Chemist: 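Mind having a look at this structure? Questions to follow.
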Number of protein chains: 2
Amino acid sequence: MEIEPELCRVEDALGILVGKWKPIILLHLLKEGTQRFSELKRSLPGITQKMLTKQLRELEEEDIIERVVYPQVPPKVEYSITEYGKTLEPILHAMHEWGTKHMLHKRKNY
Amino acid sequence: MEIEPELCRVEDALGILVGKWKPIILLHLLKEGTQRFSELKRSLPGITQKMLTKQLRELEEEDIIERVVYPQVPPKVEYSITEYGKTLEPILHAMHEWGTKHMLHKRKNY
DNA sequence: TTCAATAGTATCCTTTTGTATACTTTACCA
DNA sequence: TGGTAAAGTATACAAAAGGATACTATTGAA
């Protein structure tokens, strides 16, 4: 039996969402709207500048978020979800639902 | 602003689904039902034994799939989705929907 | 005149993922 | 007597992801 091409579609979505910080970044932007680099950084305790930059660049590359640079000093850069990015919301929502509902399942071993 | 704990729930789901082969394995098991190791292997062209074993072990560890060994020679081992594993279906479905719908978006650069 | 603030780079290192290849066990079949 | 099948293990290696730390440019404020 051959694998059907449709099965692989799941990986497209997964590929975009995978990364230690991407889902959280997206949820933040969905919830708070446009955010500055430093605001995101403050919201994500533990993330390094390098990681945040990298994740944002990758999301931008996929058209999921938009980056706007204001020519100022000190610099100001704002990030926001694109319309396309918003189409990921059902997935994020499904994951959030599941995560909340099954939070207790893990604990059963303790 | 502190990050809310609920946001992190998303990662629980993501953590389970992440891996080059996990979503495909799960979709197969959901669609075909119980499968032997060798059947899965044949269905996943390109996967190595080691990888398949590893992914299956991880899914088993999370109670997403069940592994049944028949004491025979040559060996027979069957894998199937657990009831708990089935609760992931909405997420898989949302990802599949999205992937199918937005297949064309990627192409726009070509 | 020195310091802080913003949004990054640069470098180096560790951990996790993934790949390739060879090897194992035991019964059955030719 | 030797080969094959099934479900793995063992070993070595390559690549990707993630982390820690230090550094940069520019301006305004103390």
Side-chain angles (χ1 to χ4, degrees), chain A residues 1 3 8 10-26 28-29 32 34-62 64-80, chain B residues 1 3 7-8 10-26 28-29 32-62 64-80:
Chain A
M1 198 252 293
I3 198 169
C8 309
V10 171
E11 298 194 67
D12 294 345
L14 201 64
I16 285 174
L17 263 12
V18 165
K20 188 163 175 189
W21 307 96
K22 278 180 196 164
I24 303 194
I25 292 171
L26 292 176
H28 256 279
L29 291 177
E32 314 286 338
T34 301
Q35 296 262 288
R36 294 185 64 168
F37 184 85
S38 52
E39 289 175 313
L40 284 172
K41 189 157 179 288
R42 265 191 295 277
S43 304
L44 273 42
I47 198 171
T48 59
Q49 301 237 136
K50 181 192 158 188
M51 262 299 121
L52 181 51
T53 303
K54 197 184 160 214
Q55 307 290 303
L56 290 170
R57 288 288 185 291
E58 289 173 9
L59 289 169
E60 195 196 348
E61 178 83 6
E62 299 277 3
I64 304 301
I65 64 173
E66 196 190 4
R67 177 172 178 264
V68 177
V69 183
Y70 296 85
Q72 303 179 353
V73 170
K76 174 174 171 182
V77 179
E78 284 184 343
Y79 293 90
S80 53
Chain B
M1 201 253 292
I3 199 170
L7 289 183
C8 308
V10 171
E11 298 192 67
D12 294 346
L14 201 64
I16 284 174
L17 262 13
V18 166
K20 189 164 173 190
W21 307 96
K22 278 179 196 166
I24 304 193
I25 291 171
L26 291 176
H28 257 280
L29 291 178
E32 314 286 337
T34 302
Q35 296 262 288
R36 294 185 64 167
F37 184 86
S38 53
E39 290 175 312
L40 284 171
K41 188 157 179 286
R42 266 191 294 278
S43 303
L44 275 40
I47 199 171
T48 59
Q49 300 236 138
K50 184 191 158 188
M51 261 300 119
L52 182 52
T53 302
K54 197 185 159 213
Q55 307 290 302
L56 290 170
R57 288 289 184 290
E58 288 173 8
L59 288 169
E60 195 195 350
E61 178 83 6
E62 300 277 3
I64 306 301
I65 64 173
E66 196 192 3
R67 177 173 179 265
V68 177
V69 182
Y70 296 85
Q72 302 178 353
V73 171
K76 174 174 170 181
V77 178
E78 284 184 343
Y79 293 91
S80 53

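Note that this is a predicted model, so its numbers are computed, not measured. Hydrogens, waters and symmetry mates are skipped; everything else that's a heavy atom, side chains included, is used. Chain identifiers are assigned alphabetically (A, B, ...) following the order of the sequence lines, protein sequences preceding nucleic acid strands; residue numbering begins at 1 within each chain.
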Chemist: Measure from the side-chain heavy atoms of A:Val77 and tell me the nearest of D:dA5, C:dA7, D:dG19.
Modeler: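 Minimum distance to the A:Val77 side chain belongs to C:dA7.
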Chemist: Indicate whether OP1 or OP2 belonging to D:dA5 is found under 4.0 Å from a side-chain N or O atom of B:Arg42.
Modeler: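 No, no such contact exists.
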Chemist: For the atom pair CG (A:Leu56) and CD1 (A:Ile65), what is the distance rounded to the nearest 0.5 Å?
Modeler: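 Between A:Leu56 CG and A:Ile65 CD1, I get 4.5 Å after rounding to 0.5 Å.
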Chemist: Please give me the minimum heavy-atom distance between A:Pro23 and B:Val10, naming the atom from each residue.
Modeler: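 A:Pro23 and B:Val10 have their closest heavy atoms at CB-CG1, 3.7 Å.
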Chemist: For a quick check of understanding: with a heavy-atom distance under 4.0 Å over all strands, which category does B:Tyr70 fall into, base, sugar-phosphate or nothing?
Modeler: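 The residue B:Tyr70 makes no contact with any strand.
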Chemist: Rounded to the Å, how far apart are B:Lys54 NZ and C:dT19 C1'?
Modeler: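 Distance check: B:Lys54 NZ to C:dT19 C1' gives 11 Å.
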Chemist: B:Ser38 side chain N/O closer than 4.0 Å to the phosphate oxygens (OP1, OP2) of D:dA7?
Modeler: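 Answer is yes, contact under 4.0 Å.
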Chemist: Let's see if you can work this out: which of D:dG19, C:dT9, C:dA7 has an atom nearest to the side-chain heavy atoms of A:Thr53?
Modeler: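 The listed nucleotide nearest to A:Thr53's side chain is C:dT9.
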Chemist: Calculate the interatomic distance between A:Leu52 atom CG and D:dA20 atom C1'; express it in whole Å.
Modeler: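 That distance rounds to 16 Å.
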Chemist: Whole-Å distance between C:dT16 P and B:Lys22 NZ?
Modeler: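 About 13 Å, once rounded to whole Å.
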Chemist: Can you tell which of C:dT19, C:dT6, D:dA7 lies closest to the side chain of A:Pro75?
Modeler: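 Per side-chain heavy atoms of A:Pro75, the pick is C:dT6.
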Chemist: If you look at every strand shown and take non-hydrogen atoms under 4.0 Å, does B:Gln55 touch a base, only sugar-phosphate, or nothing?
Modeler: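 If one applies the 4.0 Å heavy-atom cut-off, B:Gln55 turns out to touch the sugar-phosphate alone, with no base involved.
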Chemist: How is B:Lys20 classified with respect to the nucleic acid when contacts are heavy atoms under 4.0 Å: base, sugar-phosphate, or nothing?
Modeler: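 The answer is sugar-phosphate, as B:Lys20 gets under 4.0 Å only of primed atoms, P, OP1 or OP2.
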Chemist: Looking at B:Gln72, does any N or O in its side chain come under 4.0 Å of the phosphate oxygens OP1/OP2 on C:dC28?
Modeler: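 Indeed not, no polar side-chain atom of B:Gln72 lies that close.
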Chemist: Starting at NZ of B:Lys50 and ending at P of D:dA12, how long is that distance when rounded to a whole Å?
Modeler: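 In whole Å, D:dA12 P and B:Lys50 NZ are 12 Å from each other.
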Chemist: When you measure from the side chain of A:Val73, which nucleotide among C:dT19, D:dG19, D:dT26 comes out closest?
Modeler: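 From the listed options, D:dT26 comes nearest.
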Chemist: Does the pair A:Gln55 and A:Met51 meet the rule for a side-chain contact (heavy atoms from CB on, under 4.5 Å), with working shown?
Modeler: CA-CA 6 Å; A:Gln55 307 290 303; A:Met51 262 299 121; 3.7 Å; yes
Chemist: Please state whether the phosphate of D:dA7, meaning OP1 or OP2, lies under 4.0 angstrom from any side-chain nitrogen or oxygen of B:Arg36.
Modeler: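 Looking at the OP1 and OP2 atoms of D:dA7, one of them is under 4.0 Å from a side-chain N or O of B:Arg36.
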Chemist: Do A:Leu14 and B:Leu14 have side-chain heavy atoms sitting under 4.5 Å apart?
Modeler: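 Yes, at least one pair of side-chain atoms sits under 4.5 Å.
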Chemist: For A:Glu60 and C:dA7, what is the distance between atoms CD and P respectively, to the nearest whole Å?
Modeler: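 To the nearest whole Å, that distance equals 15 Å.
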Chemist: Send over the distance from B:Lys76 NZ to D:dT4 P, rounded to a whole Å.
Modeler: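 Between P of D:dT4 and NZ of B:Lys76: 24 Å.
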Chemist: Could you check how far CD of B:Glu58 sits from C1' of C:dT16, rounded to whole Å?
Modeler: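 In whole Å, C:dT16 C1' lies 10 Å from B:Glu58 CD.
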Chemist: Tell me, with the steps shown, if B:Trp21 and B:Leu52 meet side-chain contact (heavy atoms from CB on, under 4.5 Å).
Modeler: CA-CA 8 Å; B:Trp21 307 96; B:Leu52 182 52; over 6 Å; no
Chemist: Calculate the interatomic distance between B:Arg57 atom CZ and D:dA10 atom C1'; express it in whole Å.
Modeler: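 After rounding, the reported distance stands at 14 Å.
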